[in-house]
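Worksheet for the structure shown next.
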Amino acid sequence: MELAFIPSPSRGVLHLGPIPLRGYAFCIIIGVFVAVWLGNRRWIARGGRPGTVADIAVWAVPFGLIGGRLYHVITDYQLYFSEGRDWVDAFKIWEGGLGIWGAIAFGAVGAWIGARRRGVPMPAYADAVAPGIALAQAIGRWGNWFNQELYGKATDLPWAVEITSTADGRVPGTYHPTFLYESLWCIGVALLVIWADRRFKLGHGRAFALYVAAYCAGRFWIEYMRVDDAHHILGLRLNNWTALFVFLLAVLYIVLSARMRPGREAVVEPGADTAAGDTGSAAYKDAKGAKGSENDADDADAAEKSDASGATEDPSGADEADAADDAKEAKDAEGVTNGADSAKKG
(Lines give C-alpha, C1' and ligand atoms only; values in the text may rest on other atoms or scores of the structure.)
Protein backbone atom coordinates (compact mmCIF):
# COMPACT_ATOMS: atom_id res chain seq x y z
CA MET A 1 0.00 0.00 0.00
CA GLU A 2 1.46 3.36 -1.04
CA LEU A 3 1.59 5.65 1.95
CA ALA A 4 2.65 8.66 -0.09
CA PHE A 5 3.60 9.59 -3.63
CA ILE A 6 3.91 12.56 -5.95
CA PRO A 7 0.67 12.85 -7.93
CA SER A 8 0.86 13.64 -11.62
CA PRO A 9 -1.32 16.35 -13.13
CA SER A 10 -4.53 15.01 -14.60
CA ARG A 11 -3.64 16.91 -17.76
CA GLY A 12 -0.68 18.87 -19.01
CA VAL A 13 -2.61 21.65 -20.71
CA LEU A 14 -5.15 24.23 -19.65
CA HIS A 15 -7.32 26.12 -22.11
CA LEU A 16 -7.77 29.85 -21.77
CA GLY A 17 -10.62 30.10 -24.23
CA PRO A 18 -9.16 28.95 -27.56
CA ILE A 19 -5.58 29.40 -26.30
CA PRO A 20 -3.90 26.27 -24.89
CA LEU A 21 -1.56 26.84 -21.93
CA ARG A 22 0.84 23.90 -21.77
CA GLY A 23 2.80 23.12 -18.62
CA TYR A 24 5.77 21.82 -20.63
CA ALA A 25 6.08 25.08 -22.56
CA PHE A 26 5.71 27.17 -19.40
CA CYS A 27 8.57 25.32 -17.74
CA ILE A 28 10.82 25.92 -20.76
CA ILE A 29 9.94 29.63 -20.89
CA ILE A 30 10.45 30.19 -17.17
CA GLY A 31 13.77 28.37 -17.36
CA VAL A 32 14.96 30.63 -20.18
CA PHE A 33 14.04 33.77 -18.23
CA VAL A 34 15.91 32.53 -15.14
CA ALA A 35 18.98 31.67 -17.21
CA VAL A 36 19.06 35.11 -18.86
CA TRP A 37 18.47 36.91 -15.54
CA LEU A 38 21.25 35.11 -13.70
CA GLY A 39 23.57 35.24 -16.69
CA ASN A 40 23.08 38.99 -16.96
CA ARG A 41 23.98 39.51 -13.29
CA ARG A 42 27.13 37.42 -13.64
CA TRP A 43 28.07 39.14 -16.88
CA ILE A 44 27.81 42.60 -15.36
CA ALA A 45 29.86 41.42 -12.36
CA ARG A 46 32.57 40.31 -14.78
CA GLY A 47 32.69 43.78 -16.37
CA GLY A 48 30.21 43.36 -19.22
CA ARG A 49 27.35 45.60 -20.25
CA PRO A 50 23.73 45.07 -19.17
CA GLY A 51 21.61 43.52 -21.90
CA THR A 52 24.40 41.71 -23.71
CA VAL A 53 23.35 38.30 -22.36
CA ALA A 54 19.77 38.82 -23.53
CA ASP A 55 20.92 40.00 -26.97
CA ILE A 56 23.00 36.89 -27.48
CA ALA A 57 20.24 34.67 -26.04
CA VAL A 58 18.00 35.84 -28.89
CA TRP A 59 20.28 33.75 -31.08
CA ALA A 60 21.09 30.95 -28.66
CA VAL A 61 17.55 30.00 -27.54
CA PRO A 62 16.00 29.33 -30.97
CA PHE A 63 19.07 27.40 -32.06
CA GLY A 64 18.93 25.42 -28.83
CA LEU A 65 15.27 24.51 -29.27
CA ILE A 66 15.86 23.37 -32.83
CA GLY A 67 18.93 21.38 -31.87
CA GLY A 68 17.21 19.77 -28.91
CA ARG A 69 14.28 18.69 -31.03
CA LEU A 70 16.51 17.38 -33.83
CA TYR A 71 18.53 15.27 -31.40
CA HIS A 72 15.36 13.79 -29.91
CA VAL A 73 13.76 13.04 -33.27
CA ILE A 74 16.93 11.49 -34.71
CA THR A 75 17.70 9.30 -31.70
CA ASP A 76 14.02 8.28 -31.24
CA TYR A 77 13.04 8.22 -34.90
CA GLN A 78 10.81 5.19 -34.37
CA LEU A 79 8.38 7.38 -32.47
CA TYR A 80 7.71 9.45 -35.59
CA PHE A 81 8.65 7.47 -38.70
CA SER A 82 7.82 3.87 -37.91
CA GLU A 83 4.67 2.12 -39.16
CA GLY A 84 1.49 3.61 -37.74
CA ARG A 85 3.20 6.86 -36.72
CA ASP A 86 2.56 10.32 -38.11
CA TRP A 87 5.75 12.14 -39.06
CA VAL A 88 3.99 15.47 -38.47
CA ASP A 89 4.24 14.73 -34.73
CA ALA A 90 7.96 15.40 -35.02
CA PHE A 91 7.13 19.11 -35.10
CA LYS A 92 4.88 19.04 -32.03
CA ILE A 93 7.51 20.23 -29.60
CA TRP A 94 4.89 21.11 -26.99
CA GLU A 95 4.21 17.41 -26.47
CA GLY A 96 7.71 16.95 -25.08
CA GLY A 97 10.95 15.67 -26.47
CA LEU A 98 14.05 17.89 -26.26
CA GLY A 99 17.49 16.33 -26.16
CA ILE A 100 19.81 18.37 -23.96
CA TRP A 101 22.85 17.31 -25.99
CA GLY A 102 21.44 18.79 -29.18
CA ALA A 103 20.11 21.84 -27.32
CA ILE A 104 23.54 22.68 -25.88
CA ALA A 105 25.40 21.99 -29.13
CA PHE A 106 23.10 24.03 -31.38
CA GLY A 107 22.58 26.64 -28.67
CA ALA A 108 26.34 27.12 -28.57
CA VAL A 109 26.34 27.74 -32.31
CA GLY A 110 23.64 30.38 -31.92
CA ALA A 111 25.49 31.94 -28.99
CA TRP A 112 28.69 32.02 -31.04
CA ILE A 113 26.90 33.95 -33.78
CA GLY A 114 25.44 36.41 -31.30
CA ALA A 115 28.74 36.81 -29.45
CA ARG A 116 30.60 37.39 -32.69
CA ARG A 117 28.15 40.12 -33.69
CA ARG A 118 28.70 41.83 -30.32
CA GLY A 119 32.47 41.34 -30.34
CA VAL A 120 32.28 39.26 -27.17
CA PRO A 121 34.61 36.29 -26.44
CA MET A 122 32.50 33.14 -26.49
CA PRO A 123 34.29 31.38 -23.58
CA ALA A 124 33.66 34.33 -21.24
CA TYR A 125 29.98 34.41 -22.21
CA ALA A 126 29.67 30.65 -21.66
CA ASP A 127 31.17 30.99 -18.18
CA ALA A 128 28.67 33.69 -17.26
CA VAL A 129 25.57 31.76 -18.35
CA ALA A 130 26.62 28.26 -17.20
CA PRO A 131 24.85 28.28 -13.77
CA GLY A 132 21.76 29.80 -15.35
CA ILE A 133 21.59 27.01 -17.92
CA ALA A 134 21.72 24.44 -15.12
CA LEU A 135 18.83 26.18 -13.33
CA ALA A 136 16.90 26.35 -16.61
CA GLN A 137 17.27 22.58 -16.92
CA ALA A 138 16.12 22.13 -13.33
CA ILE A 139 12.95 24.07 -14.09
CA GLY A 140 12.45 22.53 -17.51
CA ARG A 141 12.47 18.99 -16.14
CA TRP A 142 9.16 19.71 -14.42
CA GLY A 143 7.69 19.85 -17.90
CA ASN A 144 8.21 16.08 -18.01
CA TRP A 145 6.09 15.83 -14.87
CA PHE A 146 3.24 17.64 -16.61
CA ASN A 147 3.52 15.21 -19.54
CA GLN A 148 3.93 12.11 -17.31
CA GLU A 149 7.12 11.05 -19.05
CA LEU A 150 10.75 10.15 -18.39
CA TYR A 151 10.18 8.33 -15.11
CA GLY A 152 12.29 5.51 -13.71
CA LYS A 153 11.75 1.99 -12.43
CA ALA A 154 8.74 1.02 -10.34
CA THR A 155 9.08 1.80 -6.63
CA ASP A 156 6.99 2.27 -3.51
CA LEU A 157 9.18 4.98 -2.01
CA PRO A 158 7.31 7.90 -0.43
CA TRP A 159 8.59 10.26 -3.13
CA ALA A 160 7.57 8.01 -6.03
CA VAL A 161 5.63 9.67 -8.85
CA GLU A 162 2.23 8.30 -9.73
CA ILE A 163 1.65 7.68 -13.44
CA THR A 164 -2.00 7.54 -14.45
CA SER A 165 -1.76 7.86 -18.23
CA THR A 166 -1.94 4.82 -20.52
CA ALA A 167 -0.86 6.65 -23.67
CA ASP A 168 2.11 5.32 -25.68
CA GLY A 169 2.20 2.08 -23.70
CA ARG A 170 2.46 3.61 -20.23
CA VAL A 171 1.48 1.35 -17.34
CA PRO A 172 -0.17 3.17 -14.41
CA GLY A 173 1.70 2.85 -11.13
CA THR A 174 4.33 4.53 -8.97
CA TYR A 175 7.85 4.99 -10.30
CA HIS A 176 11.14 6.69 -9.50
CA PRO A 177 10.70 10.41 -10.33
CA THR A 178 13.81 10.74 -12.46
CA PHE A 179 12.64 14.19 -13.54
CA LEU A 180 12.84 15.24 -9.87
CA TYR A 181 16.25 13.63 -9.40
CA GLU A 182 17.64 15.48 -12.40
CA SER A 183 16.01 18.76 -11.33
CA LEU A 184 17.64 18.59 -7.90
CA TRP A 185 20.94 17.53 -9.43
CA CYS A 186 20.92 20.53 -11.78
CA ILE A 187 20.32 22.89 -8.85
CA GLY A 188 23.35 21.36 -7.16
CA VAL A 189 25.39 21.79 -10.35
CA ALA A 190 24.45 25.48 -10.52
CA LEU A 191 25.54 26.02 -6.91
CA LEU A 192 28.77 24.10 -7.54
CA VAL A 193 29.70 26.22 -10.55
CA ILE A 194 28.93 29.48 -8.72
CA TRP A 195 31.06 28.42 -5.73
CA ALA A 196 33.97 27.12 -7.83
CA ASP A 197 33.94 30.23 -10.02
CA ARG A 198 34.23 32.48 -6.98
CA ARG A 199 36.77 30.28 -5.24
CA PHE A 200 39.11 29.56 -8.15
CA LYS A 201 38.37 32.50 -10.50
CA LEU A 202 37.53 30.22 -13.42
CA GLY A 203 37.92 31.72 -16.86
CA HIS A 204 38.28 30.96 -20.56
CA GLY A 205 35.33 28.56 -20.59
CA ARG A 206 36.31 26.46 -17.57
CA ALA A 207 33.19 27.34 -15.56
CA PHE A 208 31.06 26.14 -18.45
CA ALA A 209 33.15 22.99 -18.79
CA LEU A 210 32.66 22.31 -15.07
CA TYR A 211 28.90 22.63 -15.53
CA VAL A 212 29.02 20.16 -18.44
CA ALA A 213 31.15 17.64 -16.53
CA ALA A 214 29.03 17.84 -13.37
CA TYR A 215 25.78 17.52 -15.30
CA CYS A 216 27.05 14.51 -17.24
CA ALA A 217 28.08 12.76 -14.01
CA GLY A 218 24.54 13.05 -12.68
CA ARG A 219 22.86 12.33 -16.00
CA PHE A 220 24.76 9.04 -16.26
CA TRP A 221 23.22 7.43 -13.16
CA ILE A 222 19.82 9.07 -13.64
CA GLU A 223 19.65 7.85 -17.25
CA TYR A 224 20.48 4.35 -16.04
CA MET A 225 17.29 4.36 -13.94
CA ARG A 226 14.91 5.25 -16.77
CA VAL A 227 12.64 2.64 -18.32
CA ASP A 228 11.37 4.43 -21.43
CA ASP A 229 12.38 3.01 -24.80
CA ALA A 230 15.89 3.88 -25.95
CA HIS A 231 18.66 2.57 -28.15
CA HIS A 232 21.25 0.46 -26.33
CA ILE A 233 24.93 -0.04 -27.12
CA LEU A 234 26.84 -2.74 -25.22
CA GLY A 235 24.14 -2.87 -22.58
CA LEU A 236 24.04 0.89 -21.95
CA ARG A 237 21.53 3.42 -23.18
CA LEU A 238 22.69 5.79 -25.91
CA ASN A 239 22.45 8.77 -23.57
CA ASN A 240 24.71 6.97 -21.08
CA TRP A 241 27.43 6.74 -23.70
CA THR A 242 26.85 10.35 -24.71
CA ALA A 243 27.12 11.51 -21.09
CA LEU A 244 30.35 9.54 -20.60
CA PHE A 245 31.93 10.86 -23.80
CA VAL A 246 30.99 14.49 -23.14
CA PHE A 247 32.15 14.20 -19.51
CA LEU A 248 35.63 13.13 -20.65
CA LEU A 249 35.80 15.96 -23.17
CA ALA A 250 34.81 18.52 -20.53
CA VAL A 251 37.41 17.30 -18.02
CA LEU A 252 40.09 17.29 -20.73
CA TYR A 253 39.20 20.85 -21.65
CA ILE A 254 39.46 21.99 -18.03
CA VAL A 255 42.93 20.46 -17.65
CA LEU A 256 44.35 21.76 -20.95
CA SER A 257 42.77 25.19 -20.64
CA ALA A 258 44.15 25.68 -17.13
CA ARG A 259 47.65 24.94 -18.43
CA MET A 260 47.49 26.96 -21.63
CA ARG A 261 45.41 29.93 -20.45
CA PRO A 262 45.48 30.21 -16.66
CA GLY A 263 43.55 32.87 -14.82
CA ARG A 264 40.49 34.77 -15.98
CA GLU A 265 39.83 37.23 -18.80
CA ALA A 266 40.64 40.81 -17.84
CA VAL A 267 38.16 42.19 -20.38
CA VAL A 268 34.99 40.32 -21.33
CA GLU A 269 33.32 42.97 -23.48
CA PRO A 270 35.31 45.51 -25.47
CA GLY A 271 33.96 49.00 -24.96
CA ALA A 272 32.44 48.38 -21.55
CA ASP A 273 35.60 49.64 -19.86
CA THR A 274 35.67 52.67 -22.18
CA ALA A 275 32.20 53.65 -21.07
CA ALA A 276 33.35 53.33 -17.50
CA GLY A 277 36.40 55.40 -18.39
CA ASP A 278 34.23 58.18 -19.81
CA THR A 279 32.31 58.27 -16.58
CA GLY A 280 35.57 58.41 -14.70
CA SER A 281 36.82 61.26 -16.88
CA ALA A 282 33.68 63.27 -16.22
CA ALA A 283 34.07 62.67 -12.53
CA TYR A 284 37.69 63.76 -12.78
CA LYS A 285 36.69 66.96 -14.54
CA ASP A 286 34.10 67.69 -11.90
CA ALA A 287 36.62 67.06 -9.16
CA LYS A 288 39.14 69.27 -10.94
CA GLY A 289 36.59 72.06 -11.29
CA ALA A 290 35.72 71.77 -7.63
CA LYS A 291 39.40 71.89 -6.76
CA GLY A 292 39.83 75.00 -8.91
CA SER A 293 36.94 76.67 -7.15
CA GLU A 294 38.48 75.76 -3.85
CA ASN A 295 41.79 77.29 -4.93
CA ASP A 296 40.01 80.48 -6.03
CA ALA A 297 38.37 80.66 -2.64
CA ASP A 298 41.76 80.20 -0.99
CA ASP A 299 43.20 83.03 -3.13
CA ALA A 300 40.33 85.30 -2.14
CA ASP A 301 40.92 84.50 1.50
CA ALA A 302 44.60 85.26 1.11
CA ALA A 303 43.82 88.61 -0.52
CA GLU A 304 41.46 89.51 2.27
CA LYS A 305 44.09 88.58 4.82
CA SER A 306 46.66 90.69 2.97
CA ASP A 307 44.34 93.69 2.93
CA ALA A 308 43.58 93.25 6.57
CA SER A 309 47.28 93.02 7.35
CA GLY A 310 47.93 96.17 5.37
CA ALA A 311 45.11 97.90 7.18
CA THR A 312 46.62 96.88 10.48
CA GLU A 313 50.05 98.33 9.57
CA ASP A 314 48.70 101.67 8.22
CA PRO A 315 47.74 103.15 11.62
CA SER A 316 51.29 102.54 12.79
CA GLY A 317 52.72 104.38 9.79
CA ALA A 318 50.33 107.28 10.29
CA ASP A 319 51.42 107.66 13.94
CA GLU A 320 55.08 107.82 12.93
CA ALA A 321 54.36 110.57 10.35
CA ASP A 322 52.44 112.63 12.91
CA ALA A 323 55.32 112.32 15.41
CA ALA A 324 57.80 113.56 12.79
CA ASP A 325 55.64 116.58 12.04
CA ASP A 326 55.34 117.44 15.73
CA ALA A 327 59.13 117.28 16.18
CA LYS A 328 59.68 119.58 13.21
CA GLU A 329 57.18 122.13 14.52
CA ALA A 330 58.86 122.05 17.96
CA LYS A 331 62.26 122.65 16.36
CA ASP A 332 60.97 125.58 14.36
CA ALA A 333 59.44 127.12 17.48
CA GLU A 334 62.72 126.70 19.31
CA GLY A 335 64.55 128.51 16.48
CA VAL A 336 62.13 131.43 16.68
CA THR A 337 62.66 131.72 20.45
CA ASN A 338 66.45 131.70 20.13
CA GLY A 339 66.27 134.48 17.50
CA ALA A 340 64.18 136.62 19.80
CA ASP A 341 66.65 136.18 22.63
CA SER A 342 69.60 137.20 20.40
CA ALA A 343 67.75 140.35 19.33
CA LYS A 344 67.25 141.43 22.94
CA LYS A 345 70.91 140.90 23.78
CA GLY A 346 71.96 142.96 20.82
Side-chain angles (χ1 to χ4, degrees), residues 27-68 98 100 102-140 186-187 189-215 250 253-254 257-258 261-283:
C27 291
I28 298 297
I29 293 172
I30 294 173
V32 169
F33 274 105
V34 170
V36 172
W37 170 78
L38 180 57
N40 183 64
R41 288 177 59 88
R42 287 172 52 81
W43 184 253
I44 294 174
R46 290 282 301 273
R49 290 178 174 176
T52 297
V53 170
D55 290 344
I56 298 178
V58 170
W59 290 87
V61 172
F63 272 75
L65 293 175
I66 294 172
L98 289 175
I100 186 60
I104 294 298
F106 273 64
V109 173
W112 177 81
I113 295 174
R116 185 177 179 83
R117 290 170 60 90
R118 290 295 297 260
V120 168
M122 180 61 186
Y125 178 83
D127 286 340
V129 300
I133 295 177
L135 290 180
Q137 290 179 248
I139 297 171
C186 287
I187 293 175
V189 170
L191 296 176
L192 171 65
V193 174
I194 292 174
W195 170 82
D197 193 28
R198 291 177 178 176
R199 175 66 177 81
F200 302 105
K201 303 297 182 183
L202 301 177
H204 302 286
R206 288 188 288 276
F208 184 82
L210 176 61
Y211 144 72
V212 172
Y215 171 75
Y253 179 87
I254 293 174
S257 176
R261 306 185 70 181
R264 176 185 283 181
E265 298 92 339
V267 177
V268 297
E269 185 169 6
D273 53 345
T274 302
D278 293 341
T279 304
S281 298

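Keep in mind that what you see is a predicted model, and the values were worked out from it rather than measured.
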Search all heavy atoms of Pro270 against all heavy atoms of Gly119 and return the closest pair with its distance.
CD-O, 3.2 Å
Tell me every residue that passes ring pair (Phe, Tyr, Trp, His ring centres under 6.0 Å) with Phe33, counting only those two or more places apart in sequence or in another chain.
none
I want to check something: taking the side chain as every heavy atom from C-beta on, are Tyr215 and Ile104 in contact at a cut-off of under 4.5 Å?
no
With rounding to the nearest 0.5 angstrom, report the SG to CD distance, Cys186 to Gln137.
4.5 Å
Quick one: CZ on Arg46 to CD on Glu265, what's the gap to the nearest 0.5 Å?
5.0 Å
Any sub-3.5 Å donor-acceptor pair from Arg49's side-chain atoms to Gly271's backbone N or O?
yes
CD1 of Ile187 to CD1 of Ile139, rounded to nearest 0.5 Å, is 8.0 Å
Heavy-atom closest contact (Ala57 atom, Pro62 atom, distance)
O-CD, 3.9 Å
Thr52 OG1 to Tyr125 OH distance, which is reported to the nearest 0.5 Å
9.0 Å
Taking C-beta and beyond as the side chain, do Arg117 and Asp55 meet within less than 4.5 Å on heavy atoms?
no
Measure across Ala35 and Gly132 and return the closest heavy-atom pair with its distance rounded to 0.1 Å.
CB-O, 3.4 Å
For the student: nearest non-hydrogen atoms of Leu192 and Ala214, plus distance
CD2-CB, 4.0 Å
Are Val36 and Val61 packed together at the side-chain level, in the sense that at least one heavy-atom pair is separated by less than 4.5 angstrom?
no
Is it the case that the side chain of Arg206 and the backbone of Gly263 share a donor-acceptor pair, with hydrogens and angles ignored and the cut-off at 3.5 Å?
yes
Rounded to the nearest 0.5 Å, how far apart are CG of Leu202 and CD1 of Ile194?
12.0 Å
Distance check, rounded to the nearest 0.5 Å: Ile56 atom CD1 versus Arg116 atom CZ?
13.0 Å
Just by distance, do the side chain of Arg42 and the backbone of Asp127 share a donor-acceptor pair under 3.5 Å?
yes
Does any part of the side chain of Trp59, heavy atoms only, come nearer than 4.5 Å to the side chain of Arg118, both counted from C-beta?
no
I'd like to check Leu65 versus Ile28 (side-chain heavy atoms, cut-off strictly below 4.5 Å). Are they in contact?
yes
Please name the pair of heavy atoms, one in Pro131 and one in Val193, separated by the smallest distance, quoted to 0.1 Å.
CG-CG1, 3.7 Å
